[in-house]
Amino acid sequence: MSKKYFKGAAASMLLFSMAGLTPAAVSAEEASKDFSMTVFHTNDTHAHLENIPYFAALLKEKRAEVPHNVLLHAGDVFSGTLYFNEFQGQADLAFMNYFGYDAMTFGNHEFDLGTSVDGHKGLADFVKGAEFPFVSANVNFSADSHFDGLQSREVTAEPENGKIFNGIVKEVDGEKVGIFGLTTEETVAISSPEQIEFTNYITEAKAAVAAFEEMGINKIIALTHIGFDDNAAVDNDQELAKNVPGIDIIVGGHTHSKLEEPKVIEGESGPVVIVQAEQYHNYLGQLDVTFDENGVIKEYNGVLHAVDTKEGEKDDEAEELLKPYYDQVDSTMTSPTGGVAEVFLSGLRNLGGVRAGETNLGNIITDGMLGKAKEIDPDVSIAFQNGGGIRASIDKGEVTYGDVLTVLPFGNNLAIMELSGAELRETFEHSVKEYPKENGGFLHVAGMQVIFDGTAEPGKRIVSLKIAGKEVEADKMYKAATNVFTARGGDGFEALGKAYEEGRASEPGFSDWENLADHIKSLGKITNGLEGRIIATVPYDDVSLGHWSYPFISDLYYRDILADNSTFKPGVQITRAEMVSWIVKANGLKAEGKAPFSDLDGLSDDLKADIAAAYENGIIKVTDGKFNPNDKVTRAQFALILERAFENYTGEKYTASAKAPYSDFGNYAEDAVNAISMLHELGIATGYDGKFMPDQFTTRQQAAKIVSNYIYNTKQVKKAE
C-alpha cells in the first residue's frame with residue numbers, strides 16, 4: 001500500500017478521532033479528498049436464528065442510515081443449534097442472501113462435516129448457494145473434489161457469487177476497497193478439514209496486500225477467523241496487525257470477543273482498527289471510518305448494536321422466511337436423543353444440587369465433555385463444568401433434544417486448556433470456597449476426584465486432587481476440557497483466565513448441549529448415580545474416606561443434621577429419637593408446642609423439639625402415651641415414618657405404582673408394603689439379593705444413606721404451600 005504515512009501526524013489524528021473531533025487544521029480541500037464508509041459485521045453466529053427477525057429489522061434500519069457500506073461475516077455459521085443439525089447451513093444461508101452480505105470468510109466450524117458420510121458436501125452446497133463471494137487466502141480446497149471449480153487462488157476485481165477467492169475488490173461510492181480472508185491454522189486440530197489444507201496467515205496476508213497494492217488499492221480489510229486474543233504462537237488479529245503493513249481494518253471472529261470499542265494497533269503504515277461482534281446474532285457491529293487521500297484512517301467510530309428481542313421491532317419478511325425452518329426445529333425439539341433416563345438426573349439448586357455438590361447430571365455432562373475432548377486430543381485427562389451453567393434437571397423417561405437444550409441453554413463451546421497442578425489446585429480452591437453455600441462456580445468433574453474440607457478457611461480447603469487415581473503434582477502439566485466461559489476466567493477463575501491470556505487454551509468448539517446429547521445417546525439407558533467424585537470431609541475419626549457411606553454422612557453433616565462430634569458410630573443401630581430428629585431436620589420442620597409423650601425425660605431440648613415437630617406434622621403417633629425414644633428402628637418402621645414425612649413435604653400421600661419385587665414381605669400390612677415399595681421406586685433404599693429385610697434394625701450408616709436419598713428425592717418435587 002503506497003501510503004504517505006507519517007507516524008506523528010497519524011497519531012495526532014487518531015487522538016482527535018478518539019475524542020470524537022476532527023482536527024481544525026484539516027482544510028476544506030483536504031477534507032474533500034477524504035472517503036467515508038461503513039462496515040457492518042457479524043461473526044460466530046453458529047446457526048442461532050431464534051432472534052433473526054429482530055436482527056433483520058435492526059440491520060435494515062442501520063443500513064438505511066449509511067448507504068455507503070459493506071456487510072461482512074467473519075466465519076462460523078456452522079454448528080451450534082438444531083437449525084444447523086437439521087439444515088446444515090441452508091437455513092442460515094437463506095438469511096444471508098436475504099440480507100445481502102458482501103463477503104464471508106470461513107470459520108473453523110465450517111469444516112466440522114469433514115468426517116461425516118458426505119464429507120464437506122454440505123459446505124460446498126453452502127458456498128454454491130451463496131449470493132455473495134467468499135474470501136479465503138490461506139485455505140486450499142483443491143484436494144477435495146466437492147469444491148472443484150469453486151475456488152480461484154487469486155485476488156480479483158470481478159468476483160462471482162458462490163465462489164471462493166483469496167481476496168476481492170468491492171466498489172463503495174466509487175472507491176475501491178480490498179477485502180481478503182484468513183482462517184485459523186488450528187482448524188486442523190480442532191475441526192475436521194481432512195484433505196483441505198491451511199497455510200501461514202502472515203505469509204498469505206502479505207501476499208494479498210501486495211496484490212491489492214499492485215492494483216492501486218489503498219484501503220484494505222482483512223476478514224478473519226483467527227481470534228482477537230487467541231494463542232499468539234499460532235495466530236490472532238493483534239499479531240496480524242503488527243506484522244502485516246498495509247491492512248487498515250480487521251473484521252474478526254473465532255474468540256467471540258465483545259469489542260464494544262474498536263482496538264487500534266499502531267501499524268508500520270498506519271493505524272489498524274480491529275472489530276468483533278461477540279456471537280449468535282446478539283449484536284450487529286458497525287464501524288464508520290474516514291480515510292484520507294492516501295488511504296490512511298483518520299477518523300473512526302465503532303459500536304455494537306444490541307439486538308433487542310423484548311421491545312425491538314421484528315422484520316415481517318424475515319419472520320415469514322424463518323417459519324418453515326422454525327416449525328421443523330420445533331418438531332425436532334420433542335424428538336428423542338436416543339437415551340432413556342431410568343433415574344432422575346439432578347440439575348437442582350440448594351445444597352446437594354449443582355451449585356454445591358456432585359450430581360449425576362453434572363457427572364454425565366462432564367463425561368460427555370471429556371469424551372469429545374479426547375476425540376480431538378487423546379492427552380486430555382479431565383473435564384470440569386461450572387454448576388451455574390446447568391439450568392434444569394431431566395426427569396425419568398425418554399430424553400429429548402428439548403430436555404438437553406433446557407439443561408444447557410447457553411451454547412457454551414468446548415475449550416481445551418493446558419494447566420499446571422498448582423493452577424488446578426487454585427482453580428478447585430475457588431470452586432469450593434463458598435461451600436456449603438451455593439456458588440455458580442462450583443465445578444463438576446470427570447477423570448478426577450476432589451476431596452475438600454468444607455469447614456476449613458477458604459483457600460485452604462483442598463485435601464486431595466487425584467487424576468486417574470494419582471495425586472496431582474504442582475509442577476506437572478495437565479490437559480483439561482471445560483467450556484469457553486469458564487476457560488476465559490468466568491465465575492472469577494483467575495488461574496484459568498491467566499492461562500487463557502497466555503495462549504494455553506484452544507477452542508475446538510462443539511457446543512455443550514451437542515456433546516451432552518451425543519453422550520446420552522451413547523449411554524442408551526441412563527442409571528448413573530453419585531460416584532464420589534467430589535467429597536467434603538467430616539470430622540468423624542471412625543468413618544473412613546473410602547467407605548460407601550461417607551458421601552451420605554458428609555451430606556447430612558453439612559446440612560447440619562448430624563452433631564459435630566469426633567465420632568459418628570456408623571455400625572451402631574439408630575434410635576427412634578435420632579431417626580425422627582434427622583427426618584424433621586430434613587423436612588425443615590419446627591415445633592410450635594410440646595409433644596404429649598411421657599417418656600422424654602433425659603433427652604436434650606433439641607431432641608424434644610424435633611419429636612414435637614414430628615408429632616405436630618403427623619409423622620409419628622401416640623401409642624399408650626409413650627414414644628420409646630431409645631428403641632431401635634427396623635427397616636419397615638423406617639419406611640413407614642419416611643412415607644409420612646414424604647406426605648408432609650409434598651402434601652400428597654404417595655401410592656407406589658407396583659409392589660416392590662422383594663420376597664420377604666411376609667405378613668406385613670398393606671401400608672408397610674406401600675411404604676417399602678415407595679422407597680424402592682424412588683431409589684431411597686434398596687434390598688439385597690431379592691430381599692428387603694424389613695425386620696432388620698437400621699444402623700446409623702444405613703440411616704444416613706436413606707435420609708440423604710430421601711432429601712434428594714424431596715428436592716425433585718414442589719413443596720406444598
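All residue numbers in this chain count up from 1 along the given sequence. Just so you know, these numbers come straight off a predicted model, no measurement behind them.
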Electrostatic pair Lys569:Asp542 at N-O distance under 4.0 angstrom: no
Centroid separation Tyr83 to Tyr325 less than 6.0 Å: no
Stepwise side-chain hydrogen bond (donor to acceptor under 3.5 Å, both in side chains) check, Thr332 with Glu86: CA-CA 9 Å; Thr332 302; Glu86 293 294 304; 3.3 Å; yes
Within 45° cone and under 6.0 Å: Lys372 NZ/CZ vs Phe510 ring: yes
Ring center gap for Phe384 and Phe428 short of 6.0 angstrom: yes
Aromatic ring pairing Tyr662/His680, orientation class (parallel under 30°, perpendicular over 60°, tilted between): perpendicular
Pair Phe665 + Phe692: ring centers closer than 6.0 Å: no
Leu408 CG to Asp403 CG distance, which is reported to the nearest 0.5 Å: 11.5 Å
Check: Asn51 and Tyr280 side chains under 4.5 Å, non-hydrogen atoms: no
Salt bridge flag under 4.0 Å for residues Glu647 and Arg644: no
Rounded distance (nearest 0.5 Å) linking atom CD of Glu358 with atom CZ of Phe442: 8.5 Å
Aromatic ring pairing Tyr540/Phe568, orientation class (parallel under 30°, perpendicular over 60°, tilted between): tilted
Close side-chain approach of Val673 and Glu670, heavy atoms under 4.5 Å: no
Pairing of Glu578 and Arg700 as salt bridge, 4.0 angstrom limit: yes
Salt bridge flag under 4.0 Å for residues Glu643 and Lys653: yes
4.5 Å side-chain heavy-atom contact, Tyr710 and Tyr649: yes
ring-ring contact (aromatic ring centres under 6.0 Å, His included) evaluation trace for Tyr558 with Tyr435: CA-CA 9 Å; Tyr558 285 99; Tyr435 191 85; 5.0 Å; yes
Basic-acidic side-chain contact under 4.0 Å: Arg533, Asp367: yes
Parallel, tilted or perpendicular: rings of Tyr401 and Trp513 (30°, 60°): perpendicular
